[in-house]
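Report on one structure; see the data block that follows.
The first residue in the sequence is number 1, and the count goes up from there. Please read these numbers as outputs of a predicted model, since none were measured by experiment. Worth knowing before you read on, the calculation uses all heavy atoms, side chains too, and leaves out hydrogens, waters and symmetry mates.
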Amino acid sequence: MYILLNGEFKQKNEVSIDFEDRGYQFGDGVYEVIRVYNGSFFAMKEHMERFVRSAKEIKIVLQHTAEELTAMLNELLRKNQVQDGAVYMQITRGVTGRKHLFPGQDVKPQIVAYPVPCSKPAAEQEKGIKLHLMEDVRWLRCDIKSLNLLGNVLAKQEAFENGAYEALLHRGEHITEGSSSNFYGVRNGVIYTHPANNLILNGITRMKVVELCEKNGLTLIEEMIKADDLVNLDEAFITSTTSEVIPVIEIDSMKVSGGVPGPVTRELQRLFEEMID
C-alpha cells in the first residue's frame, strides 16, 4: 500500500507519525473520507471544498492548493490501483511540544492520505435499519469535519449496544443527525432534514440528495424535526459517504413506514445509483 505523507508517496511500512503530532494529542485537525467508484473519486470537488473550509475554520494554513491535493489523491488511486473503496485524508496542525496555544509558523501542518476498504451496504439498503434515539452531547461546531469524534464514537457504540445500526441524535426537542450520517423524515411526500448550520455536518451525500430532489421534482425542506414528531413520519432514511441512502424502518421500538422501506426512499436510492453510474 502507498501512503501520501506531506506530498510524498511512501510504502506503509516507511510511514511513521510523531507522538507529539497535535492530531494525536489534541485532535487538532480535520479530515475527509472520499468514496471511489470504478476507479474514480465521487464528488471530489465538494469534498475538497469542505476540506479547505474545515481547515480554514480551525486556522490551519494548507501547504497545497485544492487542485494540487486533488492531483496527488488521483495519483494515490493510480498507485494503489483502487477501483472500489474510499480514501481517508487528514491534516493536523503539526508536530511540536505539547501546549494548547498554536505553534509558530515554523511548524508545518502534517497531511496524510491512504486507501481504505469500503463496499456498498447492500443488505441494509435493501431491508432498512434501526436507529437508537439519544441526546446530542457534541460540541457546537459540528459543521467542521474535525478529528474530535469522541462524542460520535460513544453515540455509535451505544446504538450498537442497543441493537441499532446508527444513533439518532437530538438537542432538546429537535433532531440533529446521526453519529456518522444525516437524517431525513418524509411526511405526505415531503422530505424534511435539519438545516445545514453549525449543529450538523453538511454531508456530501446530503448535498447530492438536495441536488437530486431539485432536479427531479421532489420537495425537500431544510427544517428541524421534533423528536415528538418522529411517530408521525411516513418514512425516514439516512445518508453518508459510506452508507449512500439507507431506509430507516425502526427507531428504538417504534416502526417507521410499517417496518419496510418507503417509496420516496426507494426513488432516491434509484436516483443516487444513477448519479453514481
Side-chain angles (χ1 to χ4, degrees), residues 1-18 21 23-24 29-56 58 60-94 108-122 124-125 144-147 149 152 180-182 201-212 238-246 269 271-277:
M1 179 192 292
Y2 284 96
I3 310 293
L4 175 64
L5 179 65
N6 298 326
E8 298 182 0
F9 296 98
K10 298 185 177 183
Q11 292 286 351
K12 184 177 181 180
N13 60 4
E14 298 175 327
V15 175
S16 62
I17 303 298
D18 195 301
D21 188 295
Y24 174 70
V30 298
Y31 77 102
E32 284 291 328
V33 178
I34 312 168
R35 193 68 164 87
V36 179
Y37 297 106
N38 301 316
S40 298
F41 284 112
F42 178 71
M44 171 59 93
K45 178 176 179 290
E46 290 88 345
H47 276 287
M48 198 57 65
E49 287 175 349
R50 188 173 65 181
F51 183 73
V52 171
R53 176 187 177 275
S54 291
K56 183 178 180 181
I58 67 168
I60 287 180
V61 179
L62 297 175
Q63 304 297 298
H64 303 280
T65 66
E67 292 74 20
E68 289 170 341
L69 287 172
T70 298
M72 286 188 280
L73 292 182
N74 278 315
E75 180 64 11
L76 184 68
L77 276 197
R78 189 192 67 79
K79 282 182 172 293
N80 286 290
Q81 299 180 336
V82 178
Q83 286 299 307
D84 188 63
V87 164
Y88 177 86
M89 174 177 63
Q90 77 169 35
I91 189 168
T92 70
R93 200 173 304 278
K108 300 301 182 185
Q110 301 289 296
I111 188 164
V112 63
Y114 54 91
V116 293
C118 182
S119 58
K120 188 183 295 290
E124 289 81 4
Q125 289 178 352
I144 300 171
K145 198 168 177 67
S146 84
L147 302 181
L149 293 174
N152 306 68
S180 61
S181 62
N182 292 117
L201 180 72
N202 190 11
I204 302 303
T205 307
R206 180 189 183 280
M207 296 179 194
K208 292 301 182 183
V209 164
V210 171
E211 181 182 322
L212 287 171
I238 64 168
T239 65
S240 75
T241 290
T242 54
S243 295
E244 301 175 345
V245 181
I246 297 185
Q269 285 181 314
L271 292 170
F272 189 78
E273 193 66 31
E274 286 183 358
M275 176 179 280
I276 293 171
D277 291 340

R35 and K120 have their tightest heavy-atom pair at NH2-N, 3.7 Å

(request) Determine, for E46 against R50, whether the closest basic-nitrogen to carboxylate-oxygen distance falls under 4.0 angstrom. (result) no

All heavy atoms of G29 vs all of I60, minimum pair found to be CA-CD1, 4.1 Å

> Can you tell me if Q125 and Q269 form a side-chain donor-acceptor pair at under 3.5 Å?
Replying inline: no

All heavy atoms of D84 vs all of C118, minimum pair found to be OD2-O, 3.5 Å

Taking the side chain as every heavy atom from C-beta outward, state whether V87 and L4 have any pair of such atoms under 4.5 Å apart. no

Q: Could you tell me whether the side chain of I246 reaches within less than 4.5 Å of the side chain of P121, counting heavy atoms only?
A: yes

Enumerate donor-acceptor pairs with a distance under 3.5 Å from any side-chain N or O in residues 8-16 to protein atoms, sequence neighbours excluded.
from : atom 1 : to  : atom 2 : distance (Å)
E14  : OE1    : Q11 : N      : 2.9

Ring pair (Phe, Tyr, Trp, His ring centres under 6.0 Å) filter on F41, not counting sequence neighbours, yields none

Here the gap from I238 atom CD1 to S243 atom OG, rounded to the nearest 0.5 Å, amounts to 4.5 Å

Can any side-chain N or O of D21 pair as donor or acceptor with the backbone N or O of G23 at less than 3.5 Å? yes

Residue pair D277 / E273, side-chain heavy-atom distance below 4.5 Å
yes

Does any non-hydrogen side-chain atom of I91 lie less than 4.5 Å from one of V30?
-> yes

dist M48:CE -> I204:CD1 (nearest 0.5 Å) comes out at 10.5 Å

One should read off an interatomic distance between K145 NZ and R53 CZ, to the nearest 0.5 angstrom, of 12.5 Å

Which of I276, L212, V209 passes side-chain contact (heavy atoms from CB on, under 4.5 Å) with L271? Answer is L212

When every non-hydrogen atom of E244 is compared with those of T205, the smallest separation belongs to O-CG2, 3.8 Å

Quick check on K79: does its NZ atom have over 12 non-hydrogen neighbours (other residues, nucleotides or ligands) under 6.0 Å away? yes

Please examine the side chains of M89 and L73, heavy atoms only from C-beta on, and report whether any two atoms are closer than 4.5 Å. yes

Closest non-hydrogen atoms of P109 and N6, given as atom of the first, atom of the second and distance, are O-OD1, 3.8 Å

Would you call K208 and E211 a side-chain contact if the rule is heavy atoms closer than 4.5 Å?
yes

*asked:* Main chain of Y2, side chain of N80: is a donor-acceptor contact present, judged purely on distance under 3.5 Å?
replied: yes

Closest non-hydrogen atoms of N182 and N202, given as atom of the first, atom of the second and distance, are OD1-C, 4.5 Å

| said: I want to check something: taking the side chain as every heavy atom from C-beta on, are T92 and Y24 in contact at a cut-off of under 4.5 Å? | reply: no

Sub-3.5 Å donor-acceptor pair from the side chain of R206 to the main-chain atoms of L201, do we have one? no

Sorted by chain and residue number, the ring pair (Phe, Tyr, Trp, His ring centres under 6.0 Å) partners of F42 (sequence neighbours excluded) come out as Y37, F272

Going by heavy atoms in the side chains, are E49 and K45 under 4.5 Å from each other? yes

